[in-house]
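The figures here come from the full heavy-atom set of this structure, side chains too, leaving out hydrogens, waters and symmetry mates. Starting from 1, each residue takes its place in the sequence as its number.
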Amino acid sequence: ADFGAEVVKIENPGIGDETRTFMPPSAAGQSPYFLGVNRNKKSIALDLRTPAGRSVARELITRADVLVENFAPGVMERFGLDHEAMKAINPRLIYCSISGWGADSAYADQPGFDSVFQAESGFASLTGDPDRLPMRTGTPIIDITASMNATTGILAALAARDRLGMGQHVEVCLFDTAVTLLAYFGMNYLASGKDFVRQGNTAPVATPIGMFECSDGGAIYVSCSTQRSWEKLANAVLKRPDLAVHLNYATHRARNEHQAELMELLGAIFLTAPRDEWMERARREKVPAGAVRSVAEAFASPAALERQIANRIEHPSGAFVPNVASPFRLGETPVADPVAAPALGENRDAILLGLLGLDDDRIAALEAEGAFGTERG
């Protein structure tokens, strides 16, 4: 939708997408969670349990370039809306299915959410301190990345359709996504046979990488994974040139072998000045470091203000709601101006009349047959 596609969100009548209920907090009486991931979309409420509701869905699919569904495997087939059936009425359709375990998995009928897959994949085992249970990430990173993978697959399928003239089925599952997010940890295990032991804020591949408390109670995260950055940190930021040439810290290998003692030493040094002073020194010397901020601090930071990450847009209610800007910056084809997420069923008539070309009599008949639920969305 940010890229200009006309995106129609099909929701259950009555409650709609359940993330609409994820409150508090609220903005214009709406869930910020829902508002945050549904901008620039249109909403229609259809009861897919009814023949009339399914008939409207089929008409939409006939005209669609892309269909995305994340029902449990088998549900779309029971509705008669599975890939093979839709391919017959729209051979150019890109049909994307997102599931927990994959349609051909022995676990296909099992439920699963982001945190489940962080646990099952080993992803959570990478986060936290070694003497405590693993921790999930604060944001639902598997959900987010699965949707990004789906977008990538869809765009690849659209490019293939331009060359080959045919649609295809794209499948993404959360378990596969989570395992691939192990990145080099997975590859290191496959190459060595050794399981990874989580190291808190440090890293097994380079030193110093970690978080340090400062004299004002703030914290700084340092990520000096190269020899050059380490030398600039020691010489110019910490003003401890002796560390740069010390036998235990002079080389990459030596620092890794003496990681614990070096991190303890650096911890004591960082406690001698406030966070912003360290950050000023690090930025002046272009040493990779970041101020450890809260969410509120991040949105109020100079970088966020400069990039205009947060803004406000008008909601259908007439109120203004917060919006996080799209991260994409395209020079010649800029992203669409943000439009607030729709109310449930808000675009029903525009979709039925404008997109499908149905007349008032047909819409009334569909309504009488329960296509839109017992109450109009």
Side-chain angles (χ1 to χ4, degrees), residues 1-11 16-17 19-20 27 30-44 57 59-70 83 86 90-99 139-174 177 180-181 304 306-316 320-344 346-348 350-351 354-356:
D2 279 352
F3 290 143
E6 183 176 17
V7 178
V8 176
K9 183 180 182 70
I10 298 177
E11 303 185 65
D17 182 331
T19 63
R20 289 182 180 274
Q30 295 278 310
S31 157
Y33 189 119
F34 180 84
L35 291 171
V37 293
N38 286 285
R39 66 166 172 254
N40 292 341
K41 301 178 185 179
K42 298 176 180 178
S43 171
I44 184 170
E59 291 193 50
L60 285 169
I61 294 167
T62 299
R63 291 164 172 78
D65 289 296
V66 178
L67 179 148
V68 181
E69 62 89 10
N70 71 327
H83 173 245
M86 296 304 94
N90 185 355
R92 291 174 56 82
L93 179 70
I94 309 302
Y95 190 113
C96 179
S97 299
I98 306 174
S99 65
T139 59
I141 190 66
I142 310 302
D143 284 346
I144 293 167
T145 311
S147 67
M148 294 171 69
N149 285 347
T151 301
T152 302
I154 288 166
L155 293 175
L158 286 168
R161 190 180 72 177
D162 284 345
R163 295 196 307 272
L164 305 175
M166 64 181 187
Q168 60 181 299
H169 191 196
V170 175
E171 184 186 10
V172 172
C173 79
L174 274 70
T177 293
T180 58
L181 278 179
E306 177 187 60
R307 300 292 290 174
Q308 297 182 322
I309 294 293
N311 51 52
R312 298 180 73 80
I313 54 179
E314 190 171 4
H315 185 262
F320 280 80
V321 296
N323 178 62
V324 178
S326 170
F328 301 105
R329 306 291 175 99
L330 280 69
E332 302 301 330
T333 56
V335 298
D337 291 336
V339 175
L344 177 60
E346 176 188 339
N347 311 107
R348 191 195 81 167
I351 292 167
L355 184 60
L356 298 185

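With rounding to the nearest 0.5 Å, the separation of CG in Leu67 from CD1 in Ile61 is 4.5 Å. From Ile351, atom CD1 reaches atom NZ of Lys42 across 7.0 Å, with rounding to the nearest 0.5 Å. Atom CG of Asn40 sits about 11.5 Å away from atom CD of Glu6, to the nearest 0.5 Å. The structure places CG of Leu181 at 6.5 Å from CD1 of Ile141, a figure rounded to the nearest 0.5 Å. Atom CG in Asp65 sits 8.0 Å away from atom CG in Asn90 (nearest 0.5 Å). Put simply, CZ on Arg39 and CG on Asp337 are 11.5 Å apart, with the number rounded to the nearest 0.5 Å.
Considering all non-hydrogen atoms of both residues, Ala64 and Leu93 come closest at O-CD1, 3.8 Å. Residues Ala340 and Pro316 approach most closely at CB-CD, 4.2 Å, considering heavy atoms. Closest approach of Arg92 and Arg161 over heavy atoms only: O-NH1, 2.7 Å. The two residues Val8 and Ile44 come nearest to each other via the heavy atoms CG1-CG2, 3.8 Å. Nearest heavy atoms, Arg20 versus Pro342: NH2-O, 3.0 Å.
Distance alone, capped at 3.5 Å, is enough to place a donor-acceptor pair between the Glu11 side chain and the Asp17 backbone.
Annotation: Arg63, atom CZ; neighbour count of heavy atoms from other residues, nucleotides and ligands within 6.0 Å is above 12.
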